[in-house]
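Throughout, residue positions are numbered sequentially from 1 according to the sequence presented. Just so you know, these numbers use all the heavy atoms, side chains as well, and skip hydrogens, waters and symmetry mates.
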Amino acid sequence: MTENFIPDSRELFHATCAGVRFTRPPFWMMRQAGRYLPEYRQLKEKYGFLGIVQTPEVAVEAALQPMRRFDFDCAIIFSDILVVSEALGFPYKFKDAGGIMLERKIRNANDVKEVRKNIGAIRERLSYVADNARLLHKELPKKAVLGFCAAPLTLASYMLEGEGSVDFPALKTFAKESPELFGELMDSLAEALAEYLKMQIECGVDGIQIFDSHASITPEGKFDEMSGQWVRGIIQALDGRTRTIFFAPKMSKRFSEISTLGADIYSVDDACKLSELRSCGGQPYGLQGNLNPDLLSTSTPDEVSKKTHEIIADMSMFGRHIFNLGHGIKPDAKIENVEALCSAVKNFK
């Protein structure tokens, strides 16, 4: 364990991913910029969500808000997974009752062809994300800046369903009844997403996280067939140019299915102890997680501090651990509980 050398946050992130063990892990929280912060709510009231996302200076301000409050080691660019859908010709909006709705859906071969036709426009249409990433990297030279995207399956699930869903029946039907067309769609999405991530890497991000938010809708044993093979292809296309983190909620009990993707770090939910997953399959994996986000909403600071300490202690002898939540922080999370989490990580011995 490296105790005499005290790295800055960016160095800590990279060294941890590489397997160097320190007294404490680097840490951040999924959705750390968002509705639990009063200053973010003010920003959203003024600009609207899409206004924040599409205005680089405002997006950077949203990303910086939690960094000022809590001094996380990692900042993630403020954006949305569906900006790629929009760039590919399938724009979206927010429904009055909440949730998203795509203005059009993928229904046939012509729609799939349009996705492929628009891949070349990704960089130009998402240049505001590139500006966002550059500005955030400039603002935080000693912090790790993370970019992100959806996995092809997750992006396809929205583009086929047209909105959020519990089990995305339109995707399942499309994959079953039109397997060749489904494969063409996934190939195109993977190519577009790889290009999008390469753009972020060129803007100075230290790592990227791929969110496969709906991986758990795949039947057991079918993850690689329906999703994993394309995620693996994206990671290979990045050619080791940045650190890669893969997150698939509700998949920790199917870890053997997701652990073959070649990611540097696997972010997992809170259903399993991290130490139990670390050597699944006979090799040590880098892991991220996995405090239950409900604790930040329902527990006391002492309880949050205790559980945070337990998770870090469980992984401290192994290293290659980034502390995070098992899913995104919720809008009703208590600021004092986030402060307790941060203090417990920073003061871990």
Flag, side chain of Glu303 to backbone of Thr300, donor-acceptor distance under 3.5 Å: yes
Compare all side-chain heavy atoms of Ile210 with those of Ile235 and state whether any distance is below 4.5 angstrom. yes
Would you check if there is a donor-acceptor pair between the side chains of Gln288 and Gln209 at a distance under 3.5 Å? yes
Using distance alone, with no hydrogens and no angle criterion, decide if Thr298 and Asp294 have a side-chain donor and acceptor under 3.5 Å apart. no
Inspect the surroundings of CD in Glu103 and state if more than 12 heavy atoms from other residues, nucleotides or ligands are less than 6.0 Å away. yes
Is the closest basic N to carboxylate O distance between Asp111 and Arg104 below 4.0 Å? yes
Within the structure provided, determine whether Ile234 and Leu197 are in side-chain contact (heavy-atom separation under 4.5 Å). yes
Arg116 and Asp187: CA distance, side-chain angles, deciding distance, salt bridge (charged side-chain N to carboxylate O under 4.0 Å, His left out) verdict: CA-CA 9 Å; Arg116 172 148 295 278; Asp187 287 344; over 6 Å; no
Quick check: is Met101 connected to Ile106 through a chain of hydrophobic side chains (ILVMFWY, heavy atoms under 4.5 Å apart)? no
Would Glu339 and Phe70 satisfy side-chain contact (heavy atoms from CB on, under 4.5 Å), going step by step from the backbone distance to the final call? CA-CA 7 Å; Glu339 291 172 341; Phe70 307 116; 3.7 Å; yes
Between Asn292 and Asp270 (side chain of the first, backbone of the second, donor and acceptor by atom type, cut-off under 3.5 Å), is there such a pair? no
Are Ile329 and Pro293 close enough that some pair of their side-chain heavy atoms sits under 4.5 Å apart? no
Same cluster or not: Phe148 versus Ile100, using hydrophobic residues (I, L, V, M, F, W, Y) connected whenever any side-chain heavy atoms lie under 4.5 Å apart? yes
side-chain contact (heavy atoms from CB on, under 4.5 Å) between Cys272 and Phe255: does it pass, once the steps are laid out? CA-CA 10 Å; Cys272 296; Phe255 187 72; over 6 Å; no
Glu39/Arg69 under salt bridge (charged side-chain N to carboxylate O under 4.0 Å, His left out): CA gap, chis, key distance, verdict: CA-CA 10 Å; Glu39 57 266 43; Arg69 269 190 184 264; 2.8 Å; yes
Look at the side-chain heavy atoms of Ile, Leu, Val, Met, Phe, Trp and Tyr, link any pair under 4.5 Å apart, and say whether Leu261 and Ile81 land in one connected group. yes
Taking atom CD of Gln200 and atom SG of Cys149, what is their separation to the nearest 0.5 Å? 7.0 Å
Neighbour count above 12 (heavy atom, 6.0 Å) for Arg125 CZ: yes
Should the heavy atoms of other residues, nucleotides or ligands under 6.0 Å from NZ of Lys334 be counted, would the total exceed 12? yes
Determine whether a donor-acceptor pair (N or O, by modelled atom type, separation under 3.5 Å) exists between the side chain of Thr244 and the backbone of Asp264. yes
Quick check against the 3.5 Å criterion: does Arg10 have a side-chain atom that pairs as donor or acceptor with the backbone of Ala144? no
Nearest 0.5 Å please: distance from the CD1 atom of Ile245 over to the CH2 atom of Trp28. 6.0 Å
4.5 Å side-chain heavy-atom contact, Phe13 and Pro25: no
Can you tell me how far apart CD (Glu57) and CD (Glu139) are? Round to the nearest 0.5 Å. 10.5 Å
With no hydrogens and no angle check, do the side chains of Asp206 and His14 hold a donor and an acceptor under 3.5 Å apart? yes
Assess the side chains of Asp212 and Ser227: does a donor N or O sit below 3.5 Å from an acceptor N or O? yes
Do side-chain atoms of Ser85 reach the backbone of Phe90 as a donor and acceptor pair under 3.5 angstrom? yes
Between Ser127 (side chain) and Glu124 (backbone), is there a donor-acceptor pair under 3.5 Å? yes
Between Ser9 and Lys142, is the side-chain contact (heavy atoms from CB on, under 4.5 Å) condition met? List the steps. CA-CA 6 Å; Ser9 293; Lys142 294 188 177 181; 6.0 Å; no
Taking only Lys NZ, Arg NE, NH1 and NH2, and the carboxylate oxygens of Asp or Glu, determine whether Asp71 and Lys346 approach each other closer than 4.0 Å. yes
Are the side chains of Met186 and Phe182 in touch, meaning some heavy atoms are under 4.5 Å apart? yes
Just so I know, are the side chains of Leu287 and Met315 near enough to count as touching, which here means a heavy-atom distance under 4.5 Å? yes
Is the Phe168-Tyr158 ring centre distance short of 6.0 angstrom? yes
To the nearest 0.5 Å, what is the distance between CD (Gln32) and CZ (Phe72)? 5.0 Å
Verify same cluster id: Val166, Met226 (apolar side-chain graph, 4.5 Å): no
Quick one: closest heavy-atom pair of Phe246 and Ala248, and the distance? CE2-CB, 3.6 Å
So, do Ile311 and Leu274 sit near enough that their side-chain heavy atoms are less than 4.5 Å apart? yes
Show your reasoning for whether salt bridge (charged side-chain N to carboxylate O under 4.0 Å, His left out) applies to Glu195 and Arg123. CA-CA 8 Å; Glu195 191 65 21; Arg123 286 176 175 260; 2.5 Å; yes
Looking at Asp269 and Ala271, would you say the former's side chain and the latter's main chain have a donor-acceptor pair under 3.5 Å? yes
Side chains of Met251 and Phe223, heavy atoms from C-beta outward: is any pair under 4.5 Å? yes
Nearest-0.5 Å distance that lies between atom CD1 in Ile265 and atom CG in Asn324: 11.0 Å
What are the two closest heavy atoms between Tyr36 and Pro66, and how far apart are they? OH-CB, 4.0 Å
Please tell me whether Arg232 and Thr260 have a donor and an acceptor in their side chains that are separated by less than 3.5 angstrom. yes
Decide ring-ring contact (aromatic ring centres under 6.0 Å, His included) for Phe49 and Phe78; before the verdict, give the C-alpha distance in whole Å, the side-chain angles of both, and the deciding distance to 0.1 Å. CA-CA 10 Å; Phe49 178 78; Phe78 191 90; 5.7 Å; yes
Could you give me the CA-CA distance, side-chain angles and deciding distance for Glu61 and Arg68, then say whether salt bridge (charged side-chain N to carboxylate O under 4.0 Å, His left out) is met? CA-CA 10 Å; Glu61 171 59 23; Arg68 295 191 192 107; 2.8 Å; yes
Gly204 backbone acceptor or donor facing Arg134 side chain under 3.5 Å: no
Reference residue Asp314; test salt bridge (charged side-chain N to carboxylate O under 4.0 Å, His left out); the match among Lys273, Lys307, Arg278: Lys273
So, Thr218 versus Arg254: side-chain donor-acceptor pair below 3.5 Å or not? yes
Interatomic spacing from CD1 in Ile217 to OG in Ser165 - rounded to 0.5 Å: 8.0 Å
Using side-chain contact (heavy atoms from CB on, under 4.5 Å), reason through Met29 and Leu341 one step at a time and then give a plain yes or no. CA-CA 10 Å; Met29 297 191 312; Leu341 179 158; 4.2 Å; yes
Treating Thr16 as the side-chain partner and Leu12 as the backbone partner, does any N or O pair qualify as donor plus acceptor under 3.5 Å? yes
Taking the side chain from Asn118 and the backbone from Ala121, do they hold a donor-acceptor pair closer than 3.5 Å? no
Flag the pair Glu225 and Lys222 as a salt bridge only when some basic side-chain nitrogen lies within less than 4.0 angstrom of an acidic carboxylate oxygen. yes
Tell me whether the guanidinium CZ or amine NZ of Arg24 lies under 6.0 angstrom from the six-membered ring centre of Phe348 and within 45° of its axis. no
